[in-house]
Structures are given as structure tokens and as C-alpha cells.
Amino acid sequence: MRDYQSRVESALDARLPIPDTEPVKLHEAMRYVSLNGGKRIRAMLVYAAGQLIGTDLSVLDAPACAVELIHAYSLVHDDLPAMDDDALRRGKPSCHIAYDEATAILVGDGLQSLAFELLAKDPTCNLPPSIKLTMIAKLAHAAGPPGMVGGQAKDIAAEGRALNVDQLKDIHLHKTGALIRAAVALGAMANEAIQPHTLDLLDDYATCIGLAFQIVDDILDVESNSQTLGKHTGADRQLAKATFPSVIGLQASKNMARSLYKEAECALDKLPLSAHMLRDLAKMMVERRY
Ligand code: GRG
């Protein structure tokens with residue numbers, strides 16, 4: 001996993017705009033938010049799903065960067081005053097604090113377009129155009145209104161309202177889960193040999209761990225502290241947002257995360273391949289402390 005992490009760090013570094021070229025502030029800020037110590041879970045999922053099918057890691061660099069860039073953009077925009085208004089991200093001042101709001105909006109926009117440009121024309125992603133087109137469509141769907149952006153819109157609309165657990169699941173399957181599903185799908189799709197049945201099982205796995213990941217995020221928001229997490233805790237309470245612990249309780253949230261993890265493992269058990277990296281990643285995602 002550390003190899004995957006350092007691989008995506010170098011791949012991002014090589015693909016982000018050069019810092020001292022115009023517009024310098026935008027380029028610097030894009031690098032500030034993308035090379036600042038995220039866990040790189042989504043990139044690891046791309047690499048692990050791809051390696052499961054036997055895909056060369058070099059082909060997976062562009063998709064791994066693309067999902068991390070979309071993720072970084074979502075965090076930058078999520079931290080803006082118009083959204084969660086958070087001044088701390090990955091242990092450092094959020095983009096709009098370190099720079100300014102206009103720059104943070106442009107950084108998000110720039111990271112998003114770079115993500116799609118990499119999938120379309122990064123020279124290392126030398127796949128047939130039809131596969132690349134399917135990957136671009138998959139990521140666009142996951143990041144857009146049917147996925148992450150739609151989930152964020154529902155999340156904002158739900159502020160201050162009482163939700164039941166199904167409504168909460170629906171928000172997070174989109175807001176957090178859609179990009180995690182896309183990461184696994186992109187890794188698996190980057191190979192002509194992928195079988196539809198394998199893709200379906202991997203999607204079951206990703207759906208379960210995506211939701212479990214968000215439940216753990218909500219639990220950590222209650223049980224951890226901002227120094228460990230690198231972001232302010234208790235923000236959801238301040239914004240009167242429903243969370244898994246607030247809707248079903250802390251212990252039931254832990255049980256739900258555990259049972260989704262088991263479900264994810266069951267999906268992997270049905271694969272005709274040994275998916276030990278995806279197994280380890282699922283474990284890491286539910287047992288994480290930050
Ligand atoms: C603004 C379009 C738009 C979407 C924002 C994903 C999202 C939607 C907002 C992020 C807010 C948040 C804290 C969600 C909880 C789960 C989550 C995505 C946590 C952050 O992901 P990690 O823990 O972050 O993988 P690192 O920093 O490790 O990359």
C-alpha cells in the first residue's frame with residue numbers, strides 16, 4: 001500500500017501544472033491541495049483493482065491520479081464558506097484560507113478538468129479509445145449530479161432536517177460512495193480482459209466499503225480529535241447535519257460498518273481471483289483511526 005501511495009504521489013507531481021509558470025497562484029494552489037498528505041485510498045483502490053486483473057501499474061497511473069484529483073477538488077469546494085466552511089484540511093489551512101475563495105473555486109475547477117484530460121490523453125494510459133471513453137463516462141457519472149455532486153446537494157438540502165437511516169444512506173452512497181465505486185471500476189476496466197461478472201462483484205464490494213468508509217468517518221468525528229484527523233471534528237453537529245451516530249447511535253453505527261465490511265469480503269470471496277490487496281484495503285478503511 002505504501003508503494004501505491006508513493007507511486008500516486010510521484011504520478012500526481014509529474015502531471016500537475018509546473019509551480020512557477022503562469023498563472024502562478026492557481027498552479028501553486030492546485031499543487032498545495034493535491035500533494036498535501038491525503039491517505040490516497042481511492043488511488044490505492046484503482047491500483048489494487050487493476051492489479052487483480054493483471055494490469056500493468058503504469059497504465060493505472062492516469063486513472064489513479066484522475067480519481068485523486070476529483071477527490072481533492074471535492075474537498076476544496078466542500079471546505080468553502082458556502083458549503084461546510086472549514087478552515088482546516090489534511091492538517092493544514094484549507095485552500096480558501098491559504099489562498100482565497102476565488103482561487104479555491106478555480107482550483108477545484110482546474111483539478112476536475114485535469115482529471116478528465118489525463119484519462120483522455122495521458123500517454124501512459126495507452127488503452128483502446130473505446131475503453132478510455134467508457135472510463136471517462138464512468139468517472140463523469142460518478143462525480144456529477146447522479147453521483148457525488150448530487151449527494152452533496154442532497155446533504156446541503158438536508159441540513160437541519162431529521163433524516164431516517166435510509167435517507168442518510170442514500171446521501172452517502174452518492175456523496176462519498178460514488179467516487180469510491182468509480183475508483184474500483186476504473187482500475188478494473190483498464191484491461192480488455194475484464195469480465196462483466198467480475199466487474200459486478202467488484203462493484204458490490206465497492207458499494208459496501210464506500211458506505212462503510214463514510215460511517216467510519218462519522219464515528220471518528222465523534223470519537224477522535226482534530227489533531228489526529230487533520231480536520232475539525234464536530235462540524236456536522238454545528239451544521240445540524242444528520243450522521244450515522246446521531247441517527248442510529250454509536251454502537252449500531254459500528255455494527256453497520258462491520259457488517260458492510262463482511263458483505264464486501266463476501267463479494268470478493270466469489271471472485272475467481274485472489275483479491276488480497278482489496279481485502280486489506282477494505283480492512284484498512286473500516287479500522288482506520290484517521
Ligand atoms: C463539493 C462537489 C462537492 C462534493 C463534496 C466528498 C465530498 C463531497 C465532501 C467531503 C466532505 C467529507 C468530509 C466527506 C466525508 C467522507 C470523506 C469523503 C472524507 C474525506 O476522504 P479521505 O478521508 O480524505 O479519504 P484524504 O484527506 O485522506 O484524502
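Since we're looking at a predicted model, the values are computed, not measured.
Between Y73 and L111 the shortest heavy-atom distance is N-CD1, 3.7 Å. Annotation for V24 and P19: closest pair CG1-O, 3.7 Å, computed over non-hydrogen atoms. When all heavy atoms are compared, the tightest approach of A178 to M148 is CB-N, 4.0 Å.
Pairs passing the salt bridge (Lys or Arg N to Asp or Glu O under 4.0 Å) check and including a residue from residues 178-194, sequence neighbours excluded, read R181-D203. Listed by first and then second residue, the salt bridge (Lys or Arg N to Asp or Glu O under 4.0 Å) pairs involving residues 145-164 are K154-D170, D155-K175, D155-K241 (not counting sequence neighbours).
Side-chain atoms of S58 and D61 form no donor-acceptor pair, as typed in the model, at a separation below 3.5 Å. T103 and H96 form no side-chain donor-acceptor contact under 3.5 Å, judged by distance and modelled atom types alone. T243 and D218 share no side-chain donor-acceptor pair at under 3.5 Å.
Cluster partners of L80 are I105, counting Ile, Leu, Val, Met, Phe, Trp and Tyr whose side-chain heavy atoms approach within less than 4.5 Å, directly or via other members.
For the atom pair L202 CG and M189 CE, the distance stands at 12.0 Å (nearest 0.5 Å). Going from atom CZ of R89 over to atom CG of L75 covers 4.5 Å, rounded to the nearest 0.5 Å.
Remark: R288 qualifies as a cation-pi partner of F213 under the 6.0 Å distance and 45° angle criteria applied to the six-membered ring.
The backbone N or O of D109 sits less than 3.5 Å from a side-chain atom of S113, completing a donor-acceptor pair.
Between Y47 and Y4, the ring planes are parallel. Angles under 30° get that label, and only those over 60° would be called perpendicular.
Cluster annotation: M277 and I180 are assigned to the same hydrophobic cluster (Ile/Leu/Val/Met/Phe/Trp/Tyr, side-chain heavy-atom contacts under 4.5 Å, transitive).
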*Stepwise side-chain contact (heavy atoms from CB on, under 4.5 Å) check, I171 with L163*: CA-CA 10 Å; I171 289 174; L163 298 182; 3.7 Å; yes
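Atom NZ of K39 is surrounded by more than 12 heavy atoms from other residues, nucleotides or ligands within 6.0 Å.
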